[in-house]
Amino acid sequence: MGSRKKTYRAQVASREAYILGEGPVWDGPTGRVVWVDIQAGLVLEGALRSDGVEPVRGHSLPGTVGAAVPASDGGLLVAARDGLATISPDGRLDLGPRLLPGGADSRFNDGACDPAGRFLVGSLSLDGRRSDERLYRLESDGSVRVLADRVTLSNGLGWSPDGRTMYHVDSVPGTVWSAAYDPVTGEVGERRTLLSIADGLPDGLCVDVEGNLWIAIWGGGEVRRYTPRGELIATVAVPAPHTTSVAFVGEGRDRLLITTARDGLSEADLDAHPESGRLFLADVPTMGVPTPRWAGDTATPPWRA
């Protein structure tokens, strides 16, 4: 393994620093990057330049924002604090009903679309509860199905190039799960542990065309590339310890965009890592799988049907 492992370096790609930057997504049809600042309740859209990402539009939501994905009509589907929302192409916000169970202090976190355009999103505990959160999927009829329970901090989601394997991160126990997945019917097989990471928390992830996983390591200041068998073959060094998520962006999906956070860092940490919270780009010798849009549209969100 040591002879194969390669190291790449990420470069600063934004002037702005975010409190808890997360969830980068490349939207091929519009050539835009979408990401969120969770704690600020911001959904951001930006243009990819040769030297970085330039924000062009921002949307504020009440409370935290877990994830945002492009919709079929060019708008956005958003995982808000405890429910879903849509943002129309002209910027109109439509808040849906609460979806998370009442009586528990939880919020939505990372989300992504499966190969058929179904939206999956997980939750996390805000009060220290363990193994009490879930991974959900929004179905075409507007219903919500629980795909996994006994989760503590649901995070990164991804699929193999053929769509037949789903990957899901539970950050607090440091587990990266894999499960058989039918991209046509959406049926999910039994979860199995692909990776257990102890030196940092696995966070967001993406998958390349060779089937390898690129996983951001919170507390580790890096992105790691693992084979589908769980073998570490490369790392990307990031000068920000709280590396949160990663996506392949650009027309060729051949540039690695990395989000980071200032949240949870002490003043001494920030002095030592002043670029924390910024976006970063790295050039790596592969490309990512296409990113599906949400199959629904913002003109008729599921809670209005």
Without swapping roles, check the side chain of [X] against the backbone of [Y] for a donor-acceptor pair under 3.5 Å.
X	Y	result
Asp271	Ala268	no
Thr165	Ala180	no
Asp170	Leu153	yes
Asp208	Asn212	yes
Arg293	Ser72	yes
Thr260	Arg278	yes
Ser123	Arg107	no
Asp182	Gly186	no

Self-check item: Test side-chain contact (heavy atoms from CB on, under 4.5 Å) applied to Leu213 and Thr227, step by step
Solution: CA-CA 6 Å; Leu213 287 73; Thr227 70; over 6 Å; no
Atom pair [atom1] ([X]) and [atom2] ([Y]), whose distance is rounded to the nearest 0.5 Å:
X	Y	atom1	atom2	result
Arg98	Phe108	CZ	CZ	9.0 Å
Cys206	Leu256	SG	CG	5.5 Å
Lys5	Glu231	NZ	CD	11.5 Å
Asp263	Leu20	CG	CG	5.0 Å
Trp303	Leu95	CH2	CG	8.0 Å
Asp73	Thr298	CG	OG1	3.5 Å

Closest heavy-atom pair and its distance - [X], [Y]:
X	Y	result
Arg118	Thr185	NH2-C, 3.3 Å
Asp110	Ala67	C-CB, 4.1 Å
Asn155	Gly204	OD1-N, 4.1 Å
Trp35	Gly46	CZ3-N, 3.6 Å
Ala85	Leu61	CB-CD2, 4.2 Å
Val25	Ala68	CG2-O, 3.7 Å

Quiz item: Would the number of heavy atoms belonging to other residues, nucleotides or ligands and lying under 6.0 Å from CZ of Arg57 be above 12?
Solution: yes
Quiz prompt | Atom CZ of Arg150 with >12 non-hydrogen neighbours under 6.0 angstrom | solution = no
Quiz item: Is the His242 to Trp218 ring centre distance short of 6.0 Å?
Solution: yes
Quiz item: Are Tyr167 and Trp159 close enough that their ring centers fall under 6.0 Å?
Solution: no
Between [X] and [Y], does any side-chain N to carboxylate O distance fall below 4.0 Å?
X	Y	result
Glu210	Arg225	yes
Arg164	Asp162	no
Glu187	Arg145	yes
Arg304	Asp94	yes
Glu222	Arg224	yes
Asp105	Arg81	yes
Arg134	Asp149	no

Does any part of the side chain of [Y], heavy atoms only, come nearer than 4.5 Å to the side chain of [X], both counted from C-beta?
X	Y	result
Leu42	Ser60	yes
Tyr226	Ile197	yes
Asp37	Val65	no
Leu265	Pro241	yes
Leu270	Ser276	yes
Thr243	Val223	yes
Leu138	Leu77	yes
Ile258	Leu279	no

Quiz prompt | Trace of the side-chain contact (heavy atoms from CB on, under 4.5 Å) decision for Leu48 with Arg255 | solution = CA-CA 10 Å; Leu48 181 64; Arg255 306 187 74 189; 4.2 Å; yes
Quiz item: In this structure, which one of Thr244, Thr259, Leu44 forms a side chain to side chain contact (heavy atoms under 4.5 Å, CB included) with Tyr18?
Solution: Leu44
Quiz item: Considering the options Val207, Val289, Thr291, Thr286, which one meets the side chain to side chain contact (heavy atoms under 4.5 Å, CB included) requirement together with Phe248?
Solution: Thr286
hydrophobic_cluster_shared for [Y] and [X], side chain cutoff 4.5 Å:
X	Y	result
Val238	Val12	yes
Val121	Leu99	yes
Trp26	Val56	no
Leu195	Ile217	yes
Leu232	Val169	yes

Quiz prompt | From CA spacing to verdict: salt bridge (charged side-chain N to carboxylate O under 4.0 Å, His left out), Asp51, Arg49 | solution = CA-CA 5 Å; Asp51 60 346; Arg49 312 297 188 197; over 6 Å; no
Assess the side chains of [X] and [Y]: does a donor N or O sit below 3.5 Å from an acceptor N or O?
X	Y	answer
Ser154	Asn109	no
Glu133	Ser106	yes
Ser245	Asp203	no
Asp114	Tyr181	yes

Quiz item: Can Ile215 and Val176 be said to form a side-chain contact (heavy atoms from CB on, under 4.5 Å), step by step?
Solution: CA-CA 9 Å; Ile215 303 175; Val176 181; 4.0 Å; yes
Self-check item: side-chain contact (heavy atoms from CB on, under 4.5 Å) between Leu135 and Val146, worked out
Solution: CA-CA 6 Å; Leu135 175 66; Val146 175; over 6 Å; no
